Each structure stands twice: as C-alpha cells, then as structure tokens.
Amino acid sequence: MTEVAERRELAERYDPAAIEPKWRARWEADNLYRTDDAAPGPKWYSLTMYPYPSGILHIGHWYAFAVPDVFARLQRMRGHNVLFPMGFDAFGLPAENAAIRNNIHPATWTFENIPAMREQFRQMGAMIDWSREVVTCTPEYYRWNQWLFLRMLERGLAYRANGSVWWCPNDQTVLANEQVLEGNVCERCGAQVSKRDLEQWYFKITEYAEELLRDAEGLDWPERVKTMQRNWIGRSEGARLSFALETGDTLEVFTTRPDTVFGATFMVLAPEHPLVPTITTEDRRAEVEAYAERARRETEIERQSTDVERPKTGVFTGAYALNPVTDERIPVWIADYVLMGYGTGAIMAVPAGDERDFRFARAFGLPIRVVVQPEDQEPLDPTTMTEAYHGPGVLVNSGELDGLRVPERMPDVLAWIEATGRGRREVTYRLRDWLISRQRYWGTPIPVVYCDGCGVVPVPDDQLPVELPLDAEFTPTGQSPLVSHAAFLHTTCPKCGGPGRRETDTMDTFVDSSWYWFRYTSPGEGALPFDPGRAGRWCPVDLYCGGIEHAILHLLYARFVTKVCRDLGLVGHGEPFVRLRNQGIILAAEGTKMSKSRGTQVGPDELVRDHGADALRLHLMYLGPWDQGGPWNDRGIAGMERFLRRAFALATEAGTGPSDGEAPAAEVRALQRLTHRTIAQVTRDLDGFQFNTMVAALIELVNGLMRLKDGPVARTPEWREALETLVLLMAPSTPYVAEELWERLGKPYSVHQQAWPSFDPELIREELIEIPVQVNGKVRDKLTVPADVTEDAARELALTSPRVQAFLAGKAPTKVVYVPGRLVNVVAR
RNA sequence: GCGGACGUGGCGGAAAGGCAGACGCAGCGGUCUUAAAAACCGCUGGGGGGCAACCCCCGUGCGGGUUCGAAUCCCGCCGUCCGCACCA
C-alpha cells in the first residue's frame, strides 16, 4: 500500500470514538440543545417518563429515551420549537432501601447517582435541555407538592379518613389500590400485602371519575391503555334502592338491574358492613361474628381468589328486610362475595338473574323467582334451571312492570322506581380515592400540624417547604421514621401558637410525578409550582413516551392532578398528554425480564465503546417495532456499524467533490427517484413510529448509492443532493455521524439546525412499471408498461402474452380483473 | 372464566385484500491478501425438473369459509402474551 493511500484510508475510516466526544463538546459549548421559549416556530413538547436515579442506565433506558429523542429531533428539523427535558424521579423506596443496604444516606446515594446518569444521557447524544432539569427530592421541587396538597385540602380534595387499606409488610408502608397487583402483591417489591384499618390521607380522585372517563375518549393514546383506564374507573349505571329492615334500619343497595327487583328473594351484606352488628339476632350472633372474623382473616388470599368456582359461603343474620316492591319478608345474609369497597357494601340478591346469587341460593336453599323470561327459548323454571339467566327478555312476576322488554325498557323501569319513591338512578365507580400517605422516610412531608386545641392545621404557605430532615433514622419500623425525629415532630401550632405535632407520614412518590412536566417549563419559578404563562405556552405535552406499566398508576394520577391544576386556575387545559406512545420491554436474551441480581441486565457502556452510540441507537430502532420490545441480542449491532461505515465512506469518497459531470438522463432520474422515495418513506415511518422500517429505508438508500458511486451519476449535482439528503435523513437517528458528515460535505454547522428534506412526488413517479399478470390468481407473467398505461392496453397485453395463453390451455377467459397500475388477473374456469 | 393482541425462513422482522419473506443478522461461495481481518461481489423458505437461460409444485400455527385473488377479512380450534376477574 502506498503511503498516500494508507493516509487516505486512515483519514476516512469511520471512527465513532473520535467523532462522538468531539461533537458532544461542541454542542454543549454552543448550547445547541438549550430551548428558548421565544424561539420561532410552533411549539412541540416531547416528553419521556423521567427515570429513577438508580445510578445506571441499562439498555432498556436507551430504548426508552434514545428513540423518542429521534422523534424530537425530527420535529426540531421540521421547524418546531422543541422542548425535550429530563429530570429524576428521586424520592421513593429504592433509594431508601439501597441506602439501608449500603449504609449510606438516601440523599447521598441519589445525588451521587444523578451525575453518572446524566453522563450516560450525554453519551446517548440525546438533545436534552439540561438547564431545565428537575430533581424531585429537592426542597425547591417538593415544596410545590406541599403547596398543591394544601390547595387540595382547602377544596376538600385532600382528606384524612379511616379505612381498610393495603399494607406491605416488606416495605412497611401502606399502598394505594393501584399499587397492588394481581394476587395481592406489592407493585414495588412483590411481597404479599394485607389489609389494615388505618387512618390515612387521600386525594379525592373519585370526584373526577366521570371526567377522567369521558376525556380519555379524545386522547391519541394506545387503545389498550385507554381500555385499562376505563376498566379501572369501572363505571356502572343503575339505581340505588332502599330496603326497610324489620329492625327499623334502612338498607341501601346499588344495582345495575333495578328491573329485576321483583326477583330479589334475599339480601347479602359484606361481612364488615356497619349494620351487621345491629341487625344480627342474638341466636345468630356467634355464628355471624365467627364468619365475619374468618372472612376478615381470609380476605386477602381467599376472598379475591382467582378461582371463580370457589363454593359460596355465608351465614344468615336472623334479620329480615322488606322487598320494597313486593313487601315480602326476605332474609338478610352476610357473605364474603359482597365487597364492602364497592357500591354500598350490600346487595339485593336476584338468583334467577345473577350467577353469583344463583349459586348462593342453590348452596343455601334460598328461593329463586324468575322475573325475566327470554323470548325465544323454553320458559325458565326455577326448580330445574342450572344457571342464572341475565340476557334480554320480558319481565314477568313483576306486578305493573310485567310485559316490559328489557333491557330496552330500562328507562321506563327507572322512571317508575323514581316516581314511586323506591329509589333513584345512580352511577357507581370502581375507582377509589387515591391513598397518598406513606410510612416511609424518603418522600415529601405532608404539610399539616396536629394541635390538641385546633385539630388538623395546614402549614401556611409562607412556612413552606416543610423540609425533610436529613438526620433522621430511617430504618423502617412500620411507623413513620419521622415520628422518632423530635426536632421535626414537635412544632408550634400555626393557628394558636401552642404545642403541635407535625404529620410524620410522607407522600406517595406518584404525587411528584403527577405534575413534574409543568415544572420543566419554568424550573426556577418561586411563587407557584410553575409559571402559568409558560406552562400554558408549552403544555399540554404533545408526545409522551414511556412504558405500558404506567398505564393506570402514573397516567391516571397525572390526568387527575392536571384537572385539579386547571380548577385551581393554573392552566387552561384538563388533559396533560395529547399523544401517548408506549415502548415495549427489552427482555434479557433468554426472554425473561432483565434482572440486576441474576446478572442478565445489559449495560450500554461497552456497546458504545465497541460500536459507538450512533450504531447502538440504530440497533435499538432496528430490533423490531418499538412498541413490541423483545429479547435483547447484540448480533445485529455489527450490521448497523457496517451501515454507518458505508455511509461514511460514501459521503467522504474523493469522487464526490465538485460536481460538473454529465450522466444519462435516465440514470439521473433513477437517482432522484431513489432519493425522493427515501425521503417519503423515512418521513412516513418516523411519523408512524416505525423506526425499524425507517432504518431499513436508510440502508436501502446507502445500498443504492453504493451501486451507483462508480458510475457517471456520481459526478452530478443530483449525487450531491442525494448525499446531503442522506445525511439530513440520518440526523435524527445518528446525530454524531450526521454532524461529522455534514461538515465534511462542506455544509454549515449544525446539521441539527437544518430543515427536514421534503420530497417531490413528481420525482418519485416511475416511468415504467412492472405489472404481474395472474391466471386464476397465480402469477404467470410480468408486463413492463408505461406508468400511465390504459386499462385496455394492459388487458390486451395480458391476454396476448404467450405465457398466459399457455396457462389458459385453450380455455376462454371468463373474466379479467384489472387493478390500475397493480395487476391483471385472467380468470378461466 | 371474560376481553384484547399476536403466531411469517436458522434468527430479528417486512408486506394500503394484489409478485410473501423488504432490510438486517447468521451461513455459504467468490474477489483482494503470503495469510487473516476489514472491505467488496454473489447465493441463501422447502421440494422437484432441466446442459442452460430458466421452469413447475408446495409454503405465513391448524381446519373451514368469503373473494377473480387471503399472511391480511370471517368462523372454529391450538399456542403465546397482556388486561380484567365474585364490582352487584
């Protein structure tokens, strides 16, 4: 090899290890990614769910963050003023648990982790505006959790109540309903949770149930997530009916089938229903109490068992109610299949129409009365039926309602019930209020003081933040750690000046994440949680990306708090995230969840070192559909690196200098067609979040150019255009190498401030197209015809094709199907 | 149990009801090299026929259906994943 050639080869070799740090430094020095509120262009707020500062970004984080970065960069090149901020969800149990394990303070642990993660984000090349960083465990941030809490307290949206709540014995704290997974398992640590009666703080999210349900319809969110939210909110329409008890008490029930009230032959209360002790007769008391006690113990595991076939259990209380429409005496039972937490904790049992009531009635020999007869089947007979019938039919045995067809005539039934004063229409939700207090240390102190004289006293705004003391003993004991911090606990009552005790519970960290995106718009704001003007300009978030695991928890709370902020007059909108996209989960190579403890977690650092951040970004995009995730493999990354080397070689090749050559017009047209077709496809794929096919289009462009580079078109202006277009199209995906190539093409810095290329549909159009010709649905020939071929010409060509003739074997075509520009199908049977 | 999504080469995956397997990985063959790596050029679903250019048959989990034409739409199975699950 000659010396010159050797130097050339060295100089032009793609070397990410040299390119990437160079441009990173330049971008930072120039504040290229600093977002200016006043910059021109329509705003675009791209947000990705902020990470927990665990200390390292694993490959799943890259998947979650690098891909949305591509989209944010696209929007920027399209002329939008883009906000793409980042922060840290810094309060919460992992810090506290890690702190306990390593004997280090959660604050120290957290603040040591953050710079390491920031560095990894820098490596990724994400266009994050770090000047807006939000760290939720700082007093500057959490004081606004407290401020929001106080506003909600004023409006009755925050309240303290006693109730049966979920308790995690491992994390030593209560949990919100949303944090308890199937099988009664703690969302955080996987431990079995159980119920306890405790007084806790709640946010009244149920106040917004209807609105949360209704507004979800209009969101551009994955249908799956919207369905999950709908199910969680669980709206049921029906009626509340009053049943008089012989004891003089009134028993209220909620039912979705008020039309079947004539068939209510007994009643069932939840074992913990408050009326149980009063109505139980003395002879039944021992048995009732024993059952209630057992139900209570078994609640967690048995009662919400996944086994639907579990036999029905229950006991008779000795009490009788009067059916409000038949005036019959009907027995009142208790059973664990009725839940205290839903409706009124009591039901009217209509065994003929409800499967659970039916099985209960059969188990205990209770009467069954058919009140809905199906119209097109044998009439139901209560003595022989083997299951309840809940389909449509005609009311029978129902007094003046007889003959009404249900469910069509339900409105008439409801009108009758209301007119006769037996009950009223009601809508019930499954959604419960959000339990926000936690008996742990590393969170936002709840800003209230307990005073013997004044009761619960809110901490005045001018005394915020109530700072979390850093010198507390935070080993979990089941009691809030702050209880044992005397200096924190003892304070003066803000109202009377007498001695007071501070609330020692801290807030659920989901409070932090329920409004953090507002804070990015004005991170230094000192008078309010955020500047309403700036938040109003940036919000709502145009595109929110994150994992599907937050489909209910975070996303429901965030929607709720946004509505509260709207009602406080802070913002004008009620929905925080216009468009939501979920990435899939990157699994370990074995197809199981990546786990740090099993050592199956993959880190990006080594891959970045060996292949470069650009190649890793591409590889992650190329793995498959982004919302699908899948098992990790690093086999393909070499291919992405190869692609980048080829692109690099193409754009830096000597022959691509001044372009003055002549080339055959057809070849030039073919080159332009390739270039513009690629622009169209890359743009369409990015808009559709189809990053894998977007990368394929880039590769195809490079492969196409490789085939042409030694020919005459490589000396034409169109060749320059193709190379420049390639680099522009690569810019969102591979920001480093695109910047390097842009410079080498002699273009002005920065590629990331260039306009996204547009395509000319005229140039994409083919002049000659190939049309397959089928005989009886099988491709037998191909016609090369002008793109604007007429139908008659295409048919004629197809029918006269020798191959078609041969396959027709003398039979006359019975039909010829022509799809313009696509295909001809000759049918002969 | 109910609801939803999915099932395509050795692998990841691509296909507005219209040429199945784009693109990448892996593999095989070749060029260059003393050699290897890198790079570049081919081939690569299965079966069969032909000296060859090529040609035929089968093929998108299984079984049916709709259609001129089905990976795509419909019905029934099987499997995987997800959500819900005594919510009155």
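Order of the sequence lines sets the chain letters (A, B, ...), proteins ahead of strands, with each chain counted from 1. Owing to the predicted nature of the structure, the values given are computational and were not obtained by experimental measurement. We use all heavy atoms of the structure for the numbers below, so side chains are in, but hydrogens, waters and symmetry mates are not.
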Taking Thr265(A) for its side chain and Pro367(A) for its backbone only, find out whether a donor-acceptor pair lies under 3.5 Å.
-> yes
Using a 4.0 Å heavy-atom cut-off across all strands, classify Arg780(A) as base, sugar-phosphate, or nothing.
-> sugar-phosphate
Quick one: label Leu823(A) by what it contacts on the DNA or RNA (base, sugar-phosphate, nothing), any heavy atom closer than 4.0 Å.
-> base
Rounded interatomic separation in angstrom, taking CG from Leu674(A) and P from rA22(B) | 18 Å
Side-chain N or O of Asn703(A) less than 4.0 angstrom from OP1 or OP2 on rG24(B)?
-> yes
In whole Å, what separates the C1' atom of rA16(B) from that of rC73(B)?
-> 14 Å
Whole-Å C1' distance, rU72(B) and rA15(B) = 9 Å
Quick one: is rC25(B) close enough that its OP1 or OP2 comes under 4.0 Å of any side-chain N or O from Arg642(A)?
-> yes
Touch check for Phe807(A), heavy atoms < 4.0 angstrom, all strands: base, sugar-phosphate only, or nothing?
-> sugar-phosphate
For Lys778(A) and rU67(B), what is the distance between atoms NZ and P respectively, to the nearest whole Å?
-> 19 Å
Taking the C1' atom of each, how far is rC68(B) from rG17(B), in whole Å?
-> 12 Å
Over how many whole Å does the gap from Gln229(A) atom CD to rG4(B) atom C1' extend?
-> 17 Å
Where the side chain of Phe254(A) is concerned, which of rA38(B), rA88(B), rC23(B) is the nearest nucleotide?
-> rA88(B)
Tell me whether rG9(B) sits syn or anti, counting syn as a glycosidic angle within 90° of 0.
-> syn
Quote, to the nearest angstrom, the C1' distance that separates rU33(B) from rC19(B).
-> 42 Å
Hey, where does RNA chain B pair up into stems, meaning at least three consecutive Watson-Crick or G-U pairs with distances under 3.5 Å?
-> B:1-7 with B:78-84, B:10-12 with B:23-25, B:27-31 with B:39-43, B:45-49 with B:54-58, B:61-65 with B:73-77
Could you tell me the separation between the CG atom of Leu212(A) and the CZ atom of Arg235(A), rounded to the nearest 0.5 Å?
-> 13.0 Å
Mark yes or no for whether Asp614(A), through its side chain, and Val737(A), through its backbone, hold a donor-acceptor pair below 3.5 Å.
-> yes
Charged N-O contact under 4.0 Å between Arg257(A) and Asp259(A) = yes
Go through rA85(B), rA38(B), rC68(B) for me and flag the one nearest to the Arg430(A) side chain.
-> rA85(B)
Lys NZ or Arg CZ of Arg780(A) over Phe807(A) ring: under 6.0 Å, within 45° | yes
Whole-Å P distance, rA37(B) and rG27(B) | 11 Å
Determine: side-chain N/O of Arg803(A) to OP1/OP2 of rC56(B), distance under 4.0 Å, yes or no.
-> yes
Quick note, Met706(A) side chain, CB onward, closest among rG24(B), rA88(B), rC40(B) is rC40(B)
Cation-pi, Tyr337(A) ring and Lys312(A) (6.0 angstrom, 45 degrees) | yes
Closest-nucleotide ordering on RNA chain B, the 5'-leading residue of Met640(A) and Tyr342(A) | Met640(A)
In whole angstrom, give the distance that lies between atom CZ of Phe360(A) and atom C1' of rA88(B).
-> 14 Å
Considering only the P atoms, how many Å lie between rA38(B) and rC56(B), rounded to the nearest integer?
-> 40 Å
Figure out the CG/P separation between Leu620(A) and rC25(B), and round it to whole Å.
-> 16 Å
Please set out all donor-acceptor pairs under 3.5 angstrom arising from side-chain atoms of residues 626-639 of chain A, sequence neighbours excluded.
unit_1: Trp626(A); atom_1: NE1; unit_2: Tyr63(A); atom_2: O; d: 3.0
unit_1: Asn633(A); atom_1: OD1; unit_2: Arg635(A); atom_2: N; d: 3.1

Run the salt bridge (charged side-chain N to carboxylate O under 4.0 Å, His left out) check on Glu387(A) and Arg362(A) step by step: do they pass?
-> CA-CA 10 Å; Glu387(A) 57 178 14; Arg362(A) 280 281 188 262; over 6 Å; no
To the nearest angstrom, the CD-C1' distance between Gln681(A) and rA22(B) comes to 9 Å
Nearest-Å distance once atom P is located in both rG76(B) and rC25(B) = 43 Å
When all nucleic acid strands are considered with a 4.0 Å heavy-atom cut-off, which category describes Gly639(A): base, sugar-phosphate, or nothing?
-> sugar-phosphate
Any Lys/Arg nitrogen of Glu766(A) or Arg677(A) sitting under 4.0 Å from an Asp/Glu carboxylate oxygen of the other?
-> yes
Presence of Lys782(A) side-chain N/O under 4.0 Å of rG18(B) phosphate oxygens OP1/OP2 | no
Is a side-chain N or O of Lys226(A) found less than 3.5 angstrom from the main chain of Leu219(A), in a donor-acceptor match?
-> yes
Rounded to the Å, how far apart are Leu644(A) CG and rA39(B) C1'?
-> 16 Å
Stepwise ring-ring contact (aromatic ring centres under 6.0 Å, His included) check, Phe360(A) with Phe266(A) | CA-CA 10 Å; Phe360(A) 194 81; Phe266(A) 59 99; 5.7 Å; yes
Distance test, side-chain N/O of Arg646(A) to OP1/OP2 of rC40(B), below 4.0 Å | yes
Please report, rounded to the nearest Å, how far the C1' atom of rG18(B) is from the NZ atom of Lys815(A).
-> 14 Å
Partner set under side-chain contact (heavy atoms from CB on, under 4.5 Å) for Ala680(A), not counting sequence neighbours = Phe759(A), Ile764(A)
Short heteroatom pairs, N/O only, protein and nucleotides 7-17 of chain B, under 3.5 Å:
unit_1: rC11(B); atom_1: O2'; unit_2: Arg635(A); atom_2: NH2; d: 3.1
unit_1: rG12(B); atom_1: O2'; unit_2: Leu623(A); atom_2: O; d: 2.4
unit_1: rG13(B); atom_1: OP1; unit_2: Gln628(A); atom_2: NE2; d: 3.1
unit_1: rG13(B); atom_1: O3'; unit_2: Asn692(A); atom_2: ND2; d: 3.4
unit_1: rA14(B); atom_1: OP1; unit_2: Asn692(A); atom_2: ND2; d: 3.0

side-chain hydrogen bond (donor to acceptor under 3.5 Å, both in side chains) contacts in which one or both residues fall within residues 338-355 of chain A, not counting sequence neighbours = Ser236(A)-Tyr342(A), Asp354(A)-Arg356(A)
On a whole-Å scale, what distance lies between the P atoms belonging to rG42(B) and rC23(B)?
-> 12 Å
Would Arg224(A) and Asn582(A) count as a side chain to side chain donor-acceptor pair (under 3.5 Å) if you check the C-alpha gap in whole Å, the side-chain angles of each, and the deciding distance to 0.1 Å?
-> CA-CA 10 Å; Arg224(A) 226 149 76 82; Asn582(A) 300 116; over 6 Å; no
Identify the pairs formed between an N or O of the protein and an N or O of nucleotides 69-71 of chain B at a distance under 3.5 Å, and give each distance.
none

